Structures are given as C-alpha cells and as structure tokens.
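Note that these values count all heavy atoms, side chains included, but never hydrogens, waters or copies made by symmetry. Bear in mind the structure is a predicted one, so any value in this text is a computation, not a measurement.
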Amino acid sequence: MASKQKLLTDISLKGLEIAPSQIRGAVRIVPLLRHQVRGDLRLVRRSYNEDITIVSLEGKTAEAGMKYYSYVPHGLVISWSEDGSPIATFGGQMLKPDGKRLDCGCASVRLMHRMAKRESKNQLRFLPLHLAMEGFLSLFFSGPDIAWSEYSKYALSHGLGSRFEMSVSGRYIAGLEDALRVFEIHPRQVGVLVFVAENLASAFVVPTPEDYRALHTSLLEDFYGELIYEYSLMFDTTFPMDVAVDESKIKSLADLRSAIAKMRFDWASFQGFMAEGLLQRQLRSQRVYTAGPFVLQRFITNLLPKEENHIGEAIVRENGELEYLKTYRLSAAQTRRVYLLSQLDLYHWNLDATAKALGNTREEFVLRLETSGFGYLMNQQVRDAARKKAKK
C-alpha cells in the first residue's frame, strides 16, 4: 500500500496550525503546531565531529565515481512502527558506529555510505538537507544524451562532472542563535517557518513536540543560502503586523473568544501568505525511501527564475500529512544555473533550439552558460565564436 503512495506535488500544512510569530531583530520565527500527534514515527539526532564528510552515492553519480563532500554536523535517525503503535526514540543512540572516521593530520574525515541508509528493520539514517542538496547537484548530471558537435569531450564523457555550491552555517545568520535561545516553544509545537528580513529562509517540521524540543537548536547547524546571510547583516527589523481585537465589539466572553480566534486565523493566513514561495508551489519530487506507511522524498520547487525557489526533503504519511520537512532557499545564481540546465534537458541539449526558446541568439545563450559556470561543457570553438560575436 505504501509503495503506491504518490509523491508530493506541493507542500501542504495539512494537520498543522500556524501560530503567531515571535520576532527578534530581523529574524521572525513562526511556530507550527500539530493537531494530532500519533507517535508512530520518531526522529533523533546523531552528532558527528569531523571536519569533512565524504559520502558514497548511488545511481548515475556513483557509476561515474562521484562522491559528496561537505561538512556534516549531524544525521537524523528515523524509527517507525508498521501498525501505528507509539515508539520511543532512545534506540537511535544505541546503534553501531555510523561510517568510518579517518584522522588525516590537519583534518578529520568521516567516510559514509549513502545519503539514506537502512540500519535495522524499522530504522533509517539520513543526512538532513545534504540529501536535498545532493539531489540538486545531480540534476541533469548525465549531460547531453546526443553527441552534439558543440559539446566538449569532457561533457560527452562525464556529463556535468563535479559540481559545488556555497552555503553558510546557521551560526552566521545574525540574530538566529539569540532568537532560538529566547523564543517560547509551544506545547504542541513540531516545527517552524524561519524568516530573515521577511524572506523565508527555511521550513522545519518533525513528527512530535518531543522531537522538536530535542532538535530546536539543530537549526543553527543547518546551512543557508548566501542571500539569507546577506539579509541578516543588512536588516535588523521586520515589518509590523497590525492584527488586534476591536474592543468596541466585545460584549461577552463568547465575543472575546470569537475575536481572538479570528485574530489568530488572520495572523496565520498572513504568515502563510508570506511563505507562498514554498507553500502550494508545484514540486518536482523524487522518492528516496519507503518506510512502512511513510515515504521519504526530496524535491525542488518548479523553477521560476525571477521568484524564490526552494529545495528540500520531506516524510509524508499515507493520508498526505507532513511528518518531516526541511528546506533550503536557492540563491538567484543557483536558480539560474539549474534553470539553464533544465531548459537544455527539455530541448535534448540542442543549443540552437534552447536558445530560441529562451529568446536568445545562439551566441548569447552560450555566453549565459559560460557566465553561469558551464562553459566547460562546450568546446573551445563554440566559446570563441560566442565571445568574438559579443565584441562586435
């Protein structure tokens, strides 16, 4: 039954409630509360202490000998029950060592196998956000599927080859650490929407309030885009939300309850509107692992070059409820790079057809690719011809 579960087509907060936000400087944190906590899925953090982690991959990237290199401060271990019965989380701390540690003198390295690895019948370890980022980096990895004469020998043999993206630790987002330290955690809180200078930086959801309390500060260990880092330095305030109760209409306790309920609804609606760049956006999703009645998947929002775009990962219950979510906002440059690749893939890597679809000349499109860091995909003659025409 679970294997037939559909992949996410959009992010819905089904089963969750948006609570009034808390603000500190340019950081706005919006609590997410769960209506019904079942307890048949739990998360626990597993900390790592190495300077860098090297992860062996699966699929086409693994066949090409590619590995994923990054600083990975922690993994998450999920435990679940098949019959809906509640489970405890302490088992996640009692498993055998995860990967192999190497001491290379000036740095320590952890070698790991797979982004998501089953460790027992009902336990799975995965690397949060890195699971999504590795999927992003491997998009259109194979490169040209036809031996077009315009492409370099490297592109025809290795596809995109090695790719990298830069990000910033949450500890460098001005005000985030203070906000997480002083803000109230609600009794039913299972997640947050994090805004920096009123821009959605991240969404984070876990199965239970106990899981959230244990993972609350893990937001500091996540990585964020360069844009979010710059916003945190440039701005130190947020926009005021003018939501209040009209005292003249309050004649009884029932009126007060109704007015407060409406105020909370209006507040939640506005904060949901602030996150519309993620919520209800069409997604391109990929199944990573089926865990009983749950599906772990990673996704990217449909690419809108002039809008905000996100990648992320999620665990969804059979009825569509979101049990886990973690997202990363792409920068404009990251969006531009993957958008150009997606258009090339759509037109079977034909330079002329892709350029025409984007309203460019062939030479203009070649220069766009080169500016975005993909000049190595084309042979020298094509690049020289584009530069020469651009100088005229």
Side-chain angles (χ1 to χ4, degrees), residues 26-27 29 45 47-55 57 61 66-76 107 109-110 112 115-116 126-141 160-177 179-180 192-197 199-205 215 217-235 275 277-278 288 298-301 303 305 307-314 324-341 372-374:
V27 176
I29 294 185
R45 173 167 50 179
S47 296
Y48 306 126
N49 298 309
E50 287 69 37
D51 300 304
I52 189 169
T53 297
I54 303 174
V55 187
L57 305 175
T61 48
M66 296 294 176
K67 292 180 173 23
Y68 180 88
Y69 297 77
S70 183
Y71 170 62
V72 180
H74 67 268
L76 291 178
V109 178
R110 179 172 291 271
M112 303 184 75
M115 283 289 171
F126 66 97
L127 305 180
L129 269 191
H130 298 279
L131 180 69
M133 179 57 75
E134 188 272 320
F136 173 75
L137 291 172
S138 64
L139 284 173
F140 318 110
F141 171 80
L160 294 184
S162 299
R163 288 189 61 199
F164 70 92
E165 296 293 345
M166 302 295 293
S167 60
V168 178
S169 167
R171 297 188 184 280
Y172 291 94
I173 304 300
L176 181 59
E177 186 168 8
L180 292 174
V192 287
L193 300 174
V194 179
F195 294 87
V196 175
N199 289 269
L200 180 62
S202 176
F204 179 46
V205 175
L215 293 167
T217 57
S218 71
L219 288 163
L220 289 175
E221 295 184 345
D222 287 342
F223 54 84
Y224 298 81
E226 184 179 356
L227 178 68
I228 299 302
Y229 168 69
E230 291 175 352
Y231 279 160
S232 74
L233 298 178
M234 292 169 58
F235 304 98
L278 172 67
V288 175
R298 56 189 177 191
F299 60 83
I300 181 171
T301 54
L303 292 169
E307 304 293 337
E308 64 182 83
N309 297 276
H310 301 261
I311 60 173
E313 60 222 16
Y324 165 78
L325 175 70
K326 191 177 281 288
T327 68
Y328 169 88
R329 179 170 173 170
L330 297 173
S331 69
Q334 289 170 328
T335 296
R336 184 165 54 251
R337 285 193 285 273
V338 76
Y339 178 74
L340 290 176
L341 291 177
S372 297
F374 295 125

Give, for atom [atom1] of [X] and atom [atom2] of [Y], the distance between the pair rounded to the nearest 0.5 Å.
X	Y	atom1	atom2	value
Phe223	Leu129	CZ	CG	4.5 Å
Leu220	Leu180	CG	CG	5.0 Å
Ser138	Leu57	OG	CG	8.0 Å
Glu307	Leu330	CD	CG	13.5 Å

Please report the shortest heavy-atom distance between [X] and [Y], naming the atom on each side.
X	Y	result
Ala174	Leu233	CB-CD2, 4.3 Å
Thr335	Pro305	CG2-CA, 4.0 Å
Tyr328	Met133	CE2-CE, 3.8 Å
Ala201	Val196	CB-CG2, 4.1 Å

Hey, does [Y] have a side-chain heavy atom less than 4.5 Å from the side chain of [X]?
X	Y	result
Met112	Leu127	yes
Met66	Ser162	yes
Asn199	Leu227	no
Phe204	Ser218	yes
Ile228	Ile173	yes
Val338	Asn309	no

Who passes side-chain hydrogen bond (donor to acceptor under 3.5 Å, both in side chains) against [X], sequence neighbours left out?
X	value
Thr301	Arg281
Tyr48	Asp98
Arg298	Glu134, Gln286

Apply salt bridge (Lys or Arg N to Asp or Glu O under 4.0 Å) to [X] and list each qualifying residue two or more places apart in sequence or on a separate chain.
X	result
Glu50	Arg101, Arg110
Arg336	none
Glu165	Arg163, Arg337

So, does [X] use its side chain to make a donor-acceptor pair with the main chain of [Y] at under 3.5 Å?
X	Y	result
Ser331	Gln334	yes
Ser169	Arg171	yes
Glu313	Ala132	yes

[X]: what forms a side-chain contact (heavy atoms from CB on, under 4.5 Å) with it, not counting sequence neighbours?
X	value
Val27	Ile29, Leu176, Ala179
Tyr71	Pro73
Leu200	Leu193, Phe195, Ala275, Leu278, Glu308, His310

Fill in the blank from the handout: Contacts satisfying side chain to side chain donor-acceptor pair (under 3.5 Å) that involve residues 222-232 (not counting sequence neighbours) are Asp222-Lys326
Practice task
Just do the side-chain contact (heavy atoms from CB on, under 4.5 Å) check on Leu340 and Phe140 with the steps written out, would you?
Solution key: CA-CA 10 Å; Leu340 290 176; Phe140 318 110; over 6 Å; no
Handout entry: Those residues that, when tested against Tyr324, pass ring-ring contact (aromatic ring centres under 6.0 Å, His included) (two or more places apart)
Key = Phe126
Problem - Listed partners of Tyr68 passing ring-ring contact (aromatic ring centres under 6.0 Å, His included), at least two apart - result: His130
